Structures are given as C-alpha cells and as structure tokens.
Amino acid sequence: MRLPIHREGWPFIAIACVLNVSLALWVPLAGALFLPITLWVIAFFRDPVRQTPQERELYICPADGRMLPVIAYAPPEELEMGPAPRTRLSVFMNVFNVHVNRIPCDGTVVSMSYRPGKFFNASFDKASIHNERMSIRIRPLGQTGPENDIALVQIAGLVARRIVCDLTPGQAVHRGARFGIIRFGSRVDLYLPTTATIYAKQGEIVKAGQTVLAGF
C-alpha cells in the first residue's frame, strides 16, 4: 500500500535514508538503532486522503491533533478584523500527528500576514500571541461583511522552524483542500464569528479535512 507523502518531506526523507544506509554499512547496530528515526521522518510527512463532509454550512477542522480549550479572543491584529473577541478553536499537533493543513470552508482569501516570533510550546495559550505565525483571513462563500470573515492561523511550536503556506490573497479556496504544512510540532487556530454553532470539545482528537468543528 502506497503512503502519500507531502512534497515538503522528500528532502528530509532522503537525508534520513542516506544517513541510515551509511550507518548500517559502517556499524550495523547503529543503522538498526537509527531506523526508527527514519521511519518517524517518513511518517511525519504522510499526507493521507480524507473524505470531507459536503454540507455547505460547516467549518471543517484545519489540522490533525487535540482540541485545546474553546475561548473568545480577538483575531491577530495584522488581519485588521477588529478588537472584538471571536470564538477561537485551537488544534495542537504533536510530532506524531499528520501536519498537512486544510481549508475549513469554501471562500476567498482576503488577506495574509506573516509575523516572526518565539517558539513556545504550541499547547501553551501564549503561543497564539508570541510565536511565529502565518495569519490568513478568509471570507466564506456566500457571506458578506467583515463580521462573517474567519481567521486561520498557522503557529510554529517548540521544535517547529518552518511554516509553509501555499495561499495568495484573492485566491478562491475550497473546503478540505490542502494549503500548507508546519514542520515538527505546532498549532493551528481558527477564529469564527460568535454566531457560529460550536460542535468541537476540549480534548477531542480531530482530523484535518474530516472532523466538523462548527456550523455557520
């Protein structure tokens, strides 16, 4: 059975395999001990196919991982969505989760902003404020007015050192589509209008492109 791999992973997989073979030829025991690391690198960049729910008025999970507490908080100021709190759903990805990120709803990218920052553990609440991040503002299909826009934020974690985002302002996006990846442990925040009906619960294990987090 073929394991789909995200394109960002191939250089790392190649390096791990070369090191593993070199060690095995030099010291067989060292090669055997390094093998789990090679397998982990391959697994980290896996990109499985997902069946995305087709009901229109749903917000789908953008990342694999564990739901953190659902709170009311203002979106990143660089997106210019105002200071009013919105419902924030946060997904913490550990180093064993799939790290490919997906779009939560059909719509259009209004704006994007990258901000460098620190690398606190992504499960900490302060990570949303202080860590390196890529913030994306999306206007859901069929919605008008800035109050209905959502914010999608990729946040680097304790060992993450690269955020990859393939989107551009003005781009039409589709629910469940892949849009980026964060390497080696991270977090994704989703800010929704306060009128959204929330289905996700703290501690729930969720999957990108598949788990329903909320409804319009």
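Residue numbers start at 1 and run along the sequence shown. Since this is a predicted model, take the numbers as computed values, not measurements.
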- Message: My understanding is that only residues two or more places apart in sequence, or in another chain, count here; which of them pass side-chain hydrogen bond (donor to acceptor under 3.5 Å, both in side chains) with R175?
- Response: none

- Message: Among L167, V164, V173, exactly one meets side-chain contact (heavy atoms from CB on, under 4.5 Å) together with F179. Which residue is that?
- Response: L167

- Message: Just to verify, what does Y199 make a side-chain hydrogen bond (donor to acceptor under 3.5 Å, both in side chains) with, not counting sequence neighbours?
- Response: none

- Main-chain N/O of A156 paired with N131 side-chain donor or acceptor, under 3.5 Å: yes

- Output all residues satisfying salt bridge (charged side-chain N to carboxylate O under 4.0 Å, His left out) with D149, sequence neighbours left out; order by chain, then residue number. R137, R139

- Message: For R178, give me all partners under salt bridge (charged side-chain N to carboxylate O under 4.0 Å, His left out), at least two apart in sequence or on another chain.
- Response: D47

- Query: Given side chains that start at C-beta, do those of C165 and I136 come closer than 4.5 Å, heavy atoms only?
  - Reply: yes

- Query: For the side chain of D64 and the backbone of A208, is there at least one donor-acceptor N/O pair under 3.5 Å apart?
  - Reply: yes

- Message: Does any part of the side chain of I42, heavy atoms only, come nearer than 4.5 Å to the side chain of W40, both counted from C-beta?
- Response: no

- Task: Only pairs at least two apart or in different chains count here, so list each side-chain hydrogen bond (donor to acceptor under 3.5 Å, both in side chains) that has a residue in residues 68-86.
- Result: E78-R133, E78-S135

- Message: Suppose the criterion is salt bridge (Lys or Arg N to Asp or Glu O under 4.0 Å): which pairs have a residue in residues 196-214, not counting sequence neighbours?
- Response: none

- Task: Using atom types as modelled and distance alone, determine if a side-chain donor or acceptor of R187 lies under 3.5 Å from a backbone N or O of M93.
- Result: no

- Note on the structure: Taken to the nearest 0.5 Å, the spacing of I198 CD1 from L213 CG works out to 8.0 Å

- How many angstroms lie between atom OG of S113 and atom CG of L79, to the nearest 0.5 angstrom? 6.5 Å

- Query: So which residues get pulled into L141's cluster when ILVMFWY side chains under 4.5 Å apart are joined, directly or through others?
  - Reply: none

- Note on the structure: Across all chains, not counting sequence neighbours, the side-chain contact (heavy atoms from CB on, under 4.5 Å) partners of Q51 are V49

- Message: Between T87 and A72 (side chain of the first, backbone of the second, donor and acceptor by atom type, cut-off under 3.5 Å), is there such a pair?
- Response: no

Side-chain atoms of residues 18-32: list all donor-acceptor pairs with protein atoms under 3.5 Å, sequence neighbours left out, distances to 0.1 Å.
unit_1: N20; atom_1: OD1; unit_2: T38; atom_2: OG1; d: 2.8
unit_1: N20; atom_1: ND2; unit_2: G31; atom_2: O; d: 2.8
unit_1: S22; atom_1: OG; unit_2: V18; atom_2: O; d: 2.8

- Query: Any ring-ring contact (aromatic ring centres under 6.0 Å, His included) pairs touching residues 49-72, not counting sequence neighbours?
  - Reply: Y59-F216

- Message: Under the salt bridge (Lys or Arg N to Asp or Glu O under 4.0 Å) definition, can you give me all pairs with a residue in residues 7-28, not counting sequence neighbours?
- Response: R7-D166, E8-R162, E8-R183

- Among D106, I150, L192, find the residue that satisfies the side-chain contact (heavy atoms from CB on, under 4.5 Å) test when tested with P140. I150

- Does N97 have any side-chain hydrogen bond (donor to acceptor under 3.5 Å, both in side chains) partners at least two apart in sequence or in another chain, and if so, which? none

